[in-house]
Amino acid sequence: DWVRQINANLVLADFAPNIDQFDIVACDLSFAITRLLDRLHAAGYRRFGFLGDDRPSGNVLYPANEERAKTFREWTEKKGLFNPAHYLLAENLRFESGYRLACQLMAEPELPEIVVTSNDNVAIGAYRAIQERGLRIPADIAVASFNDIPAAQFLAPPLTTVRIPAERIGENAFDLLMEQLGGRDYVKRVTIATELIWRDSCRRPDGEA
């Protein structure tokens with residue numbers, strides 16, 4: 001609101017509150033994690049765990065929840081697969097949080113078959129906790145994640161992850177801004193597609209490239 005007071009041309013990038021006052025460019029994370037979970041289910045996984053963050057944005061006027069955690073819970077509850085002991089949340093999405101949450105998860109008497117994390121940083125922390133306990137990825141517990149940061153392909157094993165195209169989000173935000181400066185007088189919402197990158201940290205459905 002403060003920025004809008006001094007500049008009418010404003011685009012929200014990678015932040016998609018349910019409002020129609022501003023141009024928005026973002027990925028549909030709810031759709032992306034639903035697609036990931038559907039494919040993992042098709043690969044035979046039934047015991048799902050989640051490590052991440054479900055905090056709202058904290059913005060009273062323009063709230064936005066972390067869609068990955070929210071949708072994971074809704075999806076697993078709908079299929080009768082939700083286990084509260086396997087649904088662990090932190091206050092941020094850093095390496096340390098992934099490690100701490102995974103250590104907590106490893107203390108459970110029954111482990112999930114696969115852990116989905118909110119981002120690759122959390123997954124990297126989870127890798128360390130899993131491997132410190134002598135467990136093998138994906139033979140003992142599989143991992144899948146979000147973002148596809150450069151390090152993801154160099155983990156052992158390489159990490160299956162949903163690629164979020166940050167550069168494309170930035171490019172389209174700039175394009176929307178230029179349209180505003182050119183006189184466009186209506187609001188646009190642009191959704192950028194994600195891409196599921198299969199690697200060796202989990203099984204994939206038969207025939208999935």
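Look at K78 and E74 and you find no salt bridge, because none of the NZ, NE, NH1 or NH2 atoms lies under 4.0 Å from a carboxylate O.
With sequence neighbours excluded, the residues forming a side-chain contact (heavy atoms from CB on, under 4.5 Å) with M106 are L111, I130, R133, L135, I141, listed by chain and number. Listed by chain and residue number, D148, E195 satisfy the salt bridge (Lys or Arg N to Asp or Glu O under 4.0 Å) test with R163 (two or more places apart in sequence, or in another chain). Every residue meeting the side-chain contact (heavy atoms from CB on, under 4.5 Å) condition with R184, not counting sequence neighbours, appears here in chain and number order: D23, L176, E179, Q180, Y186, K188.
Within 6.0 Å of CD in E77 there are more than 12 heavy atoms belonging to other residues, nucleotides or ligands. Atom CG of N7 has more than 12 neighbouring heavy atoms from other residues, nucleotides or ligands inside a 6.0 Å radius. The environment of CZ in R94 is sparse: at most 12 heavy-atom neighbours from other residues, nucleotides or ligands sit within 6.0 Å.
When side chains are defined from C-beta on, Y99 does not count as touching V122, because their heavy atoms never get closer than 4.5 Å. For the pair V162 and I197, the minimum side-chain heavy-atom distance is 4.5 Å or more. Here the side chains of I33 and V116 are in contact, with some heavy-atom distance below 4.5 Å. Looking at T194 and R35, their side chains come closer than 4.5 Å, going by heavy atoms from C-beta outward. Residues I24 and V11 fail the side-chain proximity criterion, which asks for heavy atoms closer than 4.5 Å. Looking at heavy atoms from C-beta onward, R39 lies in side-chain contact with W198 at the 4.5 angstrom threshold. Looking at L105 and H86, their side chains come closer than 4.5 Å, going by heavy atoms from C-beta outward. With a 4.5 Å cut-off on side-chain heavy atoms, L93 and N121 do not count as touching.
Proximity of a side-chain donor or acceptor of R199 to a complementary backbone N or O of L159 within less than 3.5 Å is detected. Panel note: side chain T71, backbone R68; no donor-acceptor pair is recorded below 3.5 Å. With hydrogens and angles ignored, the 3.5 Å screen pairs a side-chain donor or acceptor of N83 with a backbone N or O of A85. E113 places a side-chain N or O within 3.5 Å of a backbone atom of R47 that can act as its donor or acceptor partner.
Side-chain polar atoms of D53 and S118 form no donor-acceptor pair below 3.5 angstrom. Between the side chains of T161 and D120, a donor-acceptor pair is found at a separation under 3.5 Å. One side chain, T117 or S145, offers a donor N or O that lies under 3.5 Å from an acceptor on the other.
Both tests hold for R203 against Y45: distance to the six-membered ring centre under 6.0 Å, angle to the ring axis within 45°.
Tracing side-chain contacts under 4.5 Å through hydrophobic residues (I, L, V, M, F, W, Y), one reaches L12 starting from V3; they form part of the same cluster. Linking Ile, Leu, Val, Met, Phe, Trp and Tyr residues whenever their side-chain heavy atoms come within less than 4.5 Å places F174 and L181 in a single cluster. A single hydrophobic cluster is not seen to contain both F31 and I192; linkage of ILVMFWY side chains at heavy-atom distances under 4.5 Å, directly or through other members, places them apart. In the hydrophobic clustering of this structure, L10 groups with F15; members are Ile, Leu, Val, Met, Phe, Trp, Tyr whose side-chain heavy atoms approach within less than 4.5 Å, directly or through other members.
The six-membered or imidazole ring of F48 lies near that of W75, with a centre-to-centre distance under 6.0 Å.
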